Amino acid sequence: MSTKGPVLFDLEDDAPAQSPAEAPPVPDAIDAPPNGQAMTTVAALAARPTSRLARWFWSLLLALITTVASVAAWNFVTNLVTQNLYLGYAVAALFVLFIAVVLMIVVKELAAFSRLGRIDRIQHDAESALAAEDLTAARNVVTDLTALYKSRDDTKWGRDRLKDREPDMFDASALLALADQELLGPLDQAAQREVEAAARQVATVTALVPLALADVVAALGANIRMIRRIAEIYGGRSGTLGSWRLTRAVLSHLVATGAVAVGDDMIEPILGGGILGKLSRRFGEGLVNGALTARVGVAAMEVCRPLPYVSSKRPSVRSIIKSALSGLITGSAQKGR
């Protein structure tokens, strides 16, 4: 039987009336746990591969801009020389100085890439010597390593001890372990301090700066500076392009291995059970971003270190997080109680 018009249903008399003010709140995304969005975005941006078409586009665009600028500068100088001889020569001298500075920057970048390649070569030779237990190859690695640090005063004591004890070593692993302990031990401590400082900085900026994308920019800048400082500590001083290359290599490795993911399961065993629940979401996000920065720093140490970890113990990400971030949560946790 069909009916026309609206159908009315009688509500039970004992049904409680509810006003919009009494309705339960709609779940919000703010209740989601912190996931380190800033560092995840940084890793995704830095590790994203560039297509061949994009590389051709930027190369051709750079060549075109350079050609147009060079022709325009040449025409400008020649016309100026025709109009005013002395002023034209003065401007030409300025252009020559500018080109000289550009060439110096290019040479500096090439030297930076050469240093990075030198460290990669020493690291590869050390791994091969360890795998084959080749004492001759290990001695060559120690010679290259000593030459790498010969101009640094902070390694003089270690180089002297290595030189005195090297004749007593008769296998490759023992010799490289000695070089690892004497030369790279102090450098590992300095690099770990850089990682801790960068983790604290990223955590603080993320917690205190509420502007959109500001935490992403701050995290990217802090990680690039950290990786550059780690490279300088280990002797691979890098320029602008070298720093970006190292950053891409480190973050690509972390993305490929799935290491750019950290949350309650890693933070809470270090800083205390349920600690993120006692903090504001913004501060919890800062802790997660700081933890991811520490993980990036440990990976950068492995990439920039001229030797694999032979006698020295690989830095623990958890110990770095605890040392870098535990002091930041004391005041906030007390406020949350």
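Worth saying up front: this structure is predicted, and the values here are computed from it rather than measured.
- Annotation: side chain of Ile227 is not in contact with side chain of Val303 (no heavy-atom distance under 4.5 Å).
- With Gln123 contributing its side chain and Glu302 its backbone, the two residues share a donor-acceptor pair below 3.5 Å.
- Nearest heavy atom pair, residue Ala92 against residue Val77, reads CB-CG1, 3.7 Å.
- Note that CG of Asp168 and CG of Leu178 are 9.0 Å apart. Values are rounded to the nearest 0.5 Å.
- Both Tyr89 and Phe95 are part of a single hydrophobic cluster, where members link through side-chain heavy atoms under 4.5 Å apart.
- In terms of heavy-atom proximity, Val205 sits nearest to Ala218 at CG1-CB, 3.4 Å.
- Among pairs with a residue in residues 149-160, those fulfilling side chain to side chain donor-acceptor pair (under 3.5 Å) read Arg152-Asp154, Thr155-Arg159, Lys156-Asp160, at least two apart in sequence or across chains.
- Pairs of residues two or more places apart, or lying in two chains, never qualify as side chain to side chain donor-acceptor pair (under 3.5 Å) while including a residue from residues 73-83.
- The line from CZ of Arg228 to CD of Glu194 is 12.5 Å long, rounded to the nearest 0.5 Å.
- Taking both residues in full, the closest heavy atoms of Gly158 and Leu183 are given as C-CD2, 3.9 Å, listed atom of the first, atom of the second, then distance.
- A side-chain donor-acceptor contact under 3.5 Å links Asn223 to the backbone of Ala219.
- Across Val202 and Ala222, no two heavy atoms sit closer than the pair CG2-CB, 3.6 Å.
- Residue pairs meeting the side chain to side chain donor-acceptor pair (under 3.5 Å) criterion with at least one partner in residues 179-188, sequence neighbours excluded, are Arg161-Glu182, Arg165-Glu182, Asp180-Arg305, Asp180-Ser312, Asp188-Tyr234, Asp188-Arg305.
- How far CD1 of Ile230 is from CD of Gln192: 10.0 Å, rounded to the nearest 0.5 Å.
- Residues that satisfy the side chain to side chain contact (heavy atoms under 4.5 Å, CB included) test with Ala93, not counting sequence neighbours, are absent from this structure.
- Applying the salt bridge (Lys or Arg N to Asp or Glu O under 4.0 Å) test to pairs two or more places apart or on separate chains, those with a residue in residues 132-145 are Arg139-Glu166.
- Rounded to the nearest 0.5 angstrom, Leu176 CG and Glu127 CD are separated by 11.0 Å.
- Closest of all the heavy-atom pairs between Ala129 and Ala172 is O-CB, 3.9 Å.
- Separation of atoms CG (Leu175) and CG (Leu135) is listed at 6.5 Å; rounding is to 0.5 Å.
- With side-chain heavy atoms closer than 4.5 Å counting as contact, directly or through intermediates, the hydrophobic cluster containing Trp58 also holds Phe57, Leu61, Ile65.
- The shortest side-chain heavy-atom distance between Gln201 and Met226 does not fall under the 4.5 Å cut-off.
- In this structure, Pro306 and Leu184 have side chains that are in contact, with non-hydrogen atoms separated by less than 4.5 Å.
- For the atom pair Ile122 CD1 and Thr143 OG1, the distance stands at 10.5 Å (nearest 0.5 Å).
- Put simply, the side chain of Thr67 gets close to the backbone of Ala63: a donor and an acceptor are under 3.5 Å apart.
- The shortest non-hydrogen separation linking Leu145 to Ala179 is CD2-CB, 4.2 Å.
- With Asp125 as the partner, the side-chain contact (heavy atoms from CB on, under 4.5 Å) test is satisfied by one option alone out of Leu307, Val141, Asp120: Val141.
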Worksheet item: Can Leu60 and Leu64 be said to form a side-chain contact (heavy atoms from CB on, under 4.5 Å), step by step?
Response: CA-CA 6 Å; Leu60 292 175; Leu64 183 62; over 6 Å; no

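- Using a 4.5 Å heavy-atom threshold, the side chains of Leu148 and Ile119 count as touching.
- Residues Ile99 and Phe76 do not share a hydrophobic cluster, clusters being chains of Ile/Leu/Val/Met/Phe/Trp/Tyr side chains in contact below 4.5 Å.
- Under the 4.5 Å side-chain heavy-atom criterion for ILVMFWY residues, no single connected hydrophobic cluster contains both Val91 and Tyr86.
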Discussion item. Salt bridge (Lys or Arg N to Asp or Glu O under 4.0 Å), that's the test. Do Glu196 and Arg193 meet it? Break it down for me.
Written reply: CA-CA 5 Å; Glu196 293 175 359; Arg193 288 193 294 269; over 6 Å; no

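- Looking only at side-chain heavy atoms (C-beta outward), Val106 and Leu110 come within less than 4.5 Å of each other.
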